[in-house]
Amino acid sequence: MSKSLLAWYDKSAREMPWRVGPAERRQGVQPDPYRIWLSEVMLQQTTVAAVKSYFIAFTSRWPKVTDLAEALDADVMSAWAGLGYYARARNLLKCARVIASEHDGVFPQTYEALIKLPGIGPYTASAISAIAFDAQSTVVDGNVERVVSRLYDIHTPLPASKPEITAKAEDLTPPQRPGDYAQAIMDLGATICTPRNPVCGLCPWRAQCAGWAAGTHTELPKKTPKTPKPTRLGYAYVVRREDGAILLETRPDKGLLGGMLGWPCSDWNDAPEPAPPVTADWTEIGEEARHTFTHFHLRLKVLCATVDQNTTPETGNFVGKHQFMPKSLPTVMRKVWDLAKPTQG
DNA sequence: CATCCGTGGAA
DNA sequence: TTTCCAAGGAT
C-alpha cells in the first residue's frame, strides 16, 4: 500500500516553499524544523494558497526560531493579520520563546516533546516529527480523514469515527520514508481524493478502495450536521484626530481576534448598546460592514467622527496617520476602514 | 465531547 | 447568496 502511494508521490508531489521534495530528500537534503513547524501552524485549517505569501514574509523577516523569539508581539500579530485564527500567532510566539529559552534554540524531535509546546497538538506534533525528522509518526488531518474513510468505507460520522480512522492510518504508515509518506497521503487527499469530484482514475489506491468498490466514496466522510450561524450586530467607531491620527485599540488576548488591533466597538450581540469611545458628533456610514466568522454572521454599523487635538479617549490609543497600516488589521476591521476611509479624506 | 476561534475560494 | 471546507488547537 505505502509503496504505490510513495511511487505516486515521487512523480506527483506538489511543490511548496517549505517542502523538501522527494528528489531532494533522496539526495540527503534535510528539512529545517523551524520552517516545517511554521508552515504546519500556518496550515492549520488554512489553505496552501493562503499560506504561501505569509510563510515567505515570516521566513524573510525572521529566518530562525531565535529571531522570531526576539520579535515584538505587535510585529508578529501585525504580520499575521488576515491569516485568521489569531491564537495561532500568539502561541507561535510563545512556542518560539520556549524553544529559545528552554531548548537552546533547537527544536525537540519527538512527538512527546513537541506536543507539550504551545500551539502544537496531535496533528502538528506528528507532522513535525514525521516531516522534519522522518520519524514513523502518523498524521491525521482532514485529508487523511477523507482518504481513510473512503479507503475502508467507514460510514460512522466524524468526529465519532476519528479513533477508528487514526487506528487504520497508523496501520498504513510505513517504517520507510515516513516523512514522504505523511506528505504523500495529504497530497493525495488534496489533489486526487478531493471532497467533491475526486479523480479516482488517477488514484494509486483505487484497486484497494472499499468506498470506490461500494460506490459510496463521494458521500464520505460523513459528518454530523453543523448548527446554523446566528447574526450578531454591533457598532464600530472610527475616530480621526485633527492631526490625522487614528484611534485604535489592541484587543484583549483572550477571545475573538485576541491580541489584534481594531476599532473601538460596542459588544457584538442581538441588541448591542452603543459604546462611543469619545464624546463627538458622529456620522453614520450608510452601509454596514458585513463579515462572517466561524460561528456567527456580524453586521457592524460604522460611526465616524473628527475630534480635536487634546481629546483623551475612554479606550484605545491614537496612532499616527503614517504609522497606520490597514494591512495590520484583521479582515473585519479592514472592512470597517474601507467603508470609513472615504469620509476621512 | 462540545464550543470557540478567521478567512477566502469554490460550487 | 449561501454553504462548504482547508496540513487543528485550546478549553
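Because the structure is a prediction, the values reported are computed rather than measured. All chains are named by letter (A, B, ...) in the order of the sequence lines, taking the proteins before the strands, and each is independently numbered beginning at 1.
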**Item:** Side-chain N,O (A/Thr331) to OP1/OP2 (B/dT7) below 4.0 Å
**Value:** yes

**Message:** Let's go through A/His291 and A/Phe293 carefully: what are the C-alpha distance in whole Å and the side-chain angles of both, what is the deciding distance for ring-ring contact (aromatic ring centres under 6.0 Å, His included) to 0.1 Å, and is it a yes or a no?
**Reply:** CA-CA 7 Å; A/His291 190 73; A/Phe293 293 99; 4.8 Å; yes

**Request:** Check whether NZ of the Lys or CZ of the Arg A/Lys168 lies under 6.0 Å from the centre of the six-membered ring of A/Tyr152 and within 45 degrees of that ring's axis.
**Result:** yes

**A/Arg14 (side chain) and C/dA7 (base): donor-acceptor pair under 3.5 Å** = yes

**Closest-nucleotide ordering on DNA chain C, the 5'-leading residue of A/Lys226 and A/Gly142** = A/Lys226

**Request:** Measure from the side-chain N and O atoms of A/Thr216 to the backbone N and O of A/Trp212, and report whether any donor-acceptor pair falls under 3.5 Å.
**Result:** no

**Message:** Let me spell it out: for each of A/Val332 and A/Thr227, pick the nucleotide of DNA chain B with the closest heavy atom. Which residue's pick is nearer the 5' end?
**Reply:** A/Thr227

**Fill in**
Closest to the side chain of A/Arg196, out of B/dT7, C/dG8, B/dA11, is B/dA11

**Message:** Heavy atoms only, 4.0 Å cut-off, all strands: where does A/Met333 land among base, sugar-phosphate and nothing?
**Reply:** nothing

**Request:** Rounded to the nearest angstrom, tell me the gap between atom NZ in A/Lys52 and atom C1' in C/dA7.
**Result:** 14 Å

**Message:** Is it the case that the side chain of A/Arg150 and the backbone of A/His217 share a donor-acceptor pair, with hydrogens and angles ignored and the cut-off at 3.5 Å?
**Reply:** yes

**Asked** Tell me: NE2 of A/His297 to P of B/dG8, nearest whole Å?
**Response** 16 Å

**Message:** If we check ring-ring contact (aromatic ring centres under 6.0 Å, His included) with A/Trp80, which of these qualifies: A/Phe55, A/Phe58, A/Tyr54?
**Reply:** A/Phe58

**Complete:** Taken to the nearest whole Å, NZ/A/Lys229 to P/C/dT3 is 8 Å

**Request:** Applying side-chain contact (heavy atoms from CB on, under 4.5 Å), run through A/Arg299 and A/Thr231 and close with a yes or a no.
**Result:** CA-CA 7 Å; A/Arg299 288 167 42 194; A/Thr231 296; 4.0 Å; yes

**Request:** Find out whether the Lys NZ or Arg CZ of A/Arg35 is both under 6.0 angstrom from the six-membered ring centre of A/Trp62 and within 45° of the ring's axis.
**Result:** no

**Request:** Round to a whole Å and report the spacing from CG of A/Asp253 to P of B/dC5.
**Result:** 14 Å

**Closest to the A/Leu256 side chain, choosing from C/dA7, C/dA6, B/dG6** = B/dG6

**Message:** Nearest to the A/His295 side chain among C/dA7, B/dC4, B/dT7, which nucleotide is it?
**Reply:** B/dC4

**Message:** Less than 4.0 angstrom between a side-chain N/O of A/Arg146 and OP1 or OP2 of C/dA6, yes or no?
**Reply:** yes

**Prompt:** Taking atom P in both C/dG9 and B/dG8, what distance in whole Å separates the two?
**Reply:** 22 Å

**Item:** Nearest to side-chain heavy atoms of A/Thr294, which nucleotide of C/dA7, B/dG8, B/dG6
**Value:** B/dG6

**Asked** Rounded to the nearest Å, what distance is computed from the OH atom of residue A/Tyr86 to the P atom of nucleotide C/dG8?
**Response** 17 Å

Could you go over nucleotides 9-11 of chain C and give all protein N or O partners under 3.5 Å, atom names and distances?
{"unit_1": "C/dG9", "atom_1": "OP1", "unit_2": "A/Gly121", "atom_2": "N", "d": "2.9"}
{"unit_1": "C/dG9", "atom_1": "OP1", "unit_2": "A/Gly121", "atom_2": "O", "d": "3.4"}
{"unit_1": "C/dG9", "atom_1": "OP1", "unit_2": "A/Thr124", "atom_2": "N", "d": "2.9"}
{"unit_1": "C/dG9", "atom_1": "OP1", "unit_2": "A/Thr124", "atom_2": "OG1", "d": "2.6"}
{"unit_1": "C/dG9", "atom_1": "OP2", "unit_2": "A/Tyr123", "atom_2": "N", "d": "3.2"}
{"unit_1": "C/dA10", "atom_1": "OP1", "unit_2": "A/Gly119", "atom_2": "N", "d": "2.6"}

**Message:** Students often get this wrong, so: under 4.0 angstrom with heavy atoms, is A/Gly82 touching a base, only sugar-phosphate, or nothing?
**Reply:** sugar-phosphate

**Request:** For A/Trp18, answer base if it contacts any base atom (sugar-phosphate contacts may also be present), sugar-phosphate if it contacts only those atoms, and nothing otherwise; contact means non-hydrogen atoms under 4.0 Å.
**Result:** base

**Item:** Inter-nucleotide P distance (C/dA7, B/dA2), Å rounded
**Value:** 23 Å

**Asked** Ignoring hydrogens and angles, does a donor from either the side chain of A/Thr46 or the base of B/dG8 sit under 3.5 Å from an acceptor on the other?
**Response** no

**Request:** Check step by step if ring-ring contact (aromatic ring centres under 6.0 Å, His included) holds for A/Trp8 and A/Trp205.
**Result:** CA-CA 10 Å; A/Trp8 171 83; A/Trp205 282 353; 9.3 Å; no

**Message:** Within the 4.0 Å heavy-atom criterion, would you say A/Ala49 contacts the bases, only the backbone, or no part of the nucleic acid?
**Reply:** nothing

**Complete:** Separation of B/dC5 atom C1' from A/Arg251 atom CZ, nearest Å, is 12 Å

**Message:** Check this one for me: any side-chain N or O of A/Tyr85 less than 4.0 Å away from OP1 or OP2 of B/dC4?
**Reply:** no

**Prompt:** To the nearest Å, how far apart are A/Leu83 CG and B/dG8 P?
**Reply:** 10 Å

**Prompt:** Any side-chain N or O of A/His291 less than 4.0 Å from the OP1 or OP2 oxygen of B/dG6?
**Reply:** no

**Item:** Heavy-atom pair with the smallest gap, counting every atom of A/Leu220 and A/Asp153
**Value:** CD1-OD1, 3.4 Å

**Asked** What is the distance, rounded to the nearest whole Å, between atom CD of A/Glu40 and atom P of C/dA6?
**Response** 15 Å

